[in-house]
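Here the structure is laid out as structure tokens; the discussion comes afterwards.
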There are 2 protein chains.
Amino acid sequence: MNSAPPHARSGALRRLEAIAALDDLSITALNRAIDEASVLSARRELMIEGQEIVGKRLIVSGWAARARLLADGRRQLISFLIPGDLIGNCGHKRPLAVSTVLALTAVSSADLTHCQTHALKEAYEVSRAIEEAHLLAQITRLGRLSALERLADLFLELYERLALAGLAADGRFALPLTQEIVADALGLTSVHLSRTLQLARRRGEFEWRDGRVVLHDIAQLERMVGRQPVRVSML
Amino acid sequence: MNSAPPHARSGALRRLEAIAALDDLSITALNRAIDEASVLSARRELMIEGQEIVGKRLIVSGWAARARLLADGRRQLISFLIPGDLIGNCGHKRPLAVSTVLALTAVSSADLTHCQTHALKEAYEVSRAIEEAHLLAQITRLGRLSALERLADLFLELYERLALAGLAADGRFALPLTQEIVADALGLTSVHLSRTLQLARRRGEFEWRDGRVVLHDIAQLERMVGRQPVRVSML
DNA sequence: CGGCCATTTGAACCATTTCAATAAACGTGG
DNA sequence: CCACGTTTATTGAAATGGTTCAAATGGCCG
């Protein structure tokens, strides 16, 4: 029991349904695209900075990240990509990638070239706005929050996003990444991230162990970092 | 002599012409909008986080910033807005502002509601892509660069952007902001920004005094921070 | 069992912050 | 045009948060 049926409604589809009203035609098109998703293993690149963007893709499962690599080996992860997130979601002609997209786990992604219904175009636009809001959140984290606050704020954001795709509930979610990866996103060293994690655990605020995050009191954490849920539209 | 003619080609117009090929119709429409630009004095808000976005506006002159305010008084400036930049440039229905936009000097801005030619729509899309690239640059600055590198990188970005609008040349541009404002953008204290500025001056790399920035060797600065110019399209 | 990678720990070090005091520049009204 | 209060920039000294480097520990996979 509890084994997923072969065509379980994917988290990616759930997220898109949550951010825009999709008609049957759109859902059919999406399901067809998702059925033909291709898999890329961890550490492979889905897109490379400076290269031309071929088309929109949808993350169907797994974790990826947008990254900027510096000449001297430092790297900054811009944002995490989870099921339901889009890659190459641009609006102009012959776009160039401004960041590299890196698979952090095995990632399956679907080509959205043939998913261009009216409803889906609206979903893409909303997704873009949400993504922008997350970039602003990342800037604020890096610029003005302490290590503990950064981590709490990131976990709250991931929780909110994963919940949209049905991949988080009850203050818990799977986070199949290394500390070093999260450190690269938060502008910290992995050493300090490790210590910060222990601090959070000792304080009883949240923990991350064995690939699972538990947030003990979401409302209180939100207060602590002054966080409010992301909203990009009146609707 | 040297007094600007009443209808000098504005920096804002110059930037839009630089990022997309504009036909006469578009330019006429823009000029009409710019002629009717309205002025807001420093410290006033052009847009408030969480409120509905009314329509696109174009910064015609002056400096503004997108900002996030934290509950405890900390604030993070997300990005600077200069002539030719857009506000409220969204693609979906009933959008909400995800950041406050604050006038840093007196700012004049034009309503673009009636500027919807094909060429202008393309310009808006390209502008959006450029803005996103700048957000990524800001994330990298805050996450992985030292104070001196952050400052150099920001000045290089501003130089590049101002040059597009014809407002910078020869490694020099006007920067009519306080140190505290720039510190809030760079995630530093104004005290440390002041010290960093002195370091840069002593090293002969760049200086900012009396509202004017001078970059002494752009190519060398770019090497120092590992910076490459922003490109978002093959065209 | 052995090797590899991720995590933890400790100690020294450094970049940046904090707080407080001073100096300079600015605008405003008399 | 000067005197005023206010904002902005600078300086110093001490405290802090985060980094660095190196070594130890623990899991996991072959």
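All chains are named by letter (A, B, ...) in the order of the sequence lines, taking the proteins before the strands, and each is independently numbered beginning at 1. Remember, it's a predicted structure, so these values are computed and weren't measured experimentally.
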To the nearest Å, how far apart are [X] [atom1] and [N] [atom2]?
X	N	atom1	atom2	value
D210(A)	dT7(C)	CG	C1'	12 Å
L151(B)	dT16(C)	CG	P	11 Å
L188(B)	dA9(D)	CG	C1'	16 Å
R150(A)	dG17(D)	CZ	P	13 Å
L197(B)	dT11(D)	CG	C1'	15 Å
D72(A)	dT20(D)	CG	P	11 Å
L186(A)	dT19(D)	CG	P	11 Å
E180(B)	dT17(C)	CD	C1'	14 Å

Nearest-neighbour nucleotide for the [X] side chain, [options] considered:
X	options	result
R201(B)	dT8(C), dT10(D), dT16(C)	dT10(D)
T178(A)	dA6(C), dT16(C), dT18(C)	dA6(C)
Q179(A)	dT8(C), dT16(C), dG18(D)	dT8(C)
A147(A)	dT9(C), dG18(D), dC19(C)	dG18(D)
Q198(B)	dT10(D), dT16(C), dG18(D)	dT10(D)

task: Would you classify G211(B) as touching base, sugar-phosphate or nothing, given that sugar-phosphate means primed atoms plus P, OP1 and OP2, and contacts are heavy atoms under 4.0 Å?
output: nothing
message: Over all strands shown, is S190(B) touching base, sugar-phosphate only, or nothing at heavy-atom distances under 4.0 angstrom?
response: nothing
message: Do R201(B) and T196(B) pair up side chain to side chain, a donor and an acceptor below 3.5 Å, judged on atom types alone?
response: no
Ion pair [X]/[Y], N-O distance below 4.0 Å:
X	Y	answer
D85(B)	R15(B)	yes
R231(B)	E49(A)	no
D184(A)	R144(B)	yes
R161(A)	E157(A)	yes

query: Does V191(B) or L177(A) map to a spot on DNA chain C nearer the 5' end, using the closest nucleotide for each?
result: L177(A)
task: May I ask you to verify whether the side chain of R195(B) and the base of dG12(D) hold a donor-acceptor pair under 3.5 Å?
output: yes
- prompt: Between dT17(C) and T189(B), is there an OP1 or OP2 to side-chain N/O distance shorter than 4.0 Å?
  reply: yes
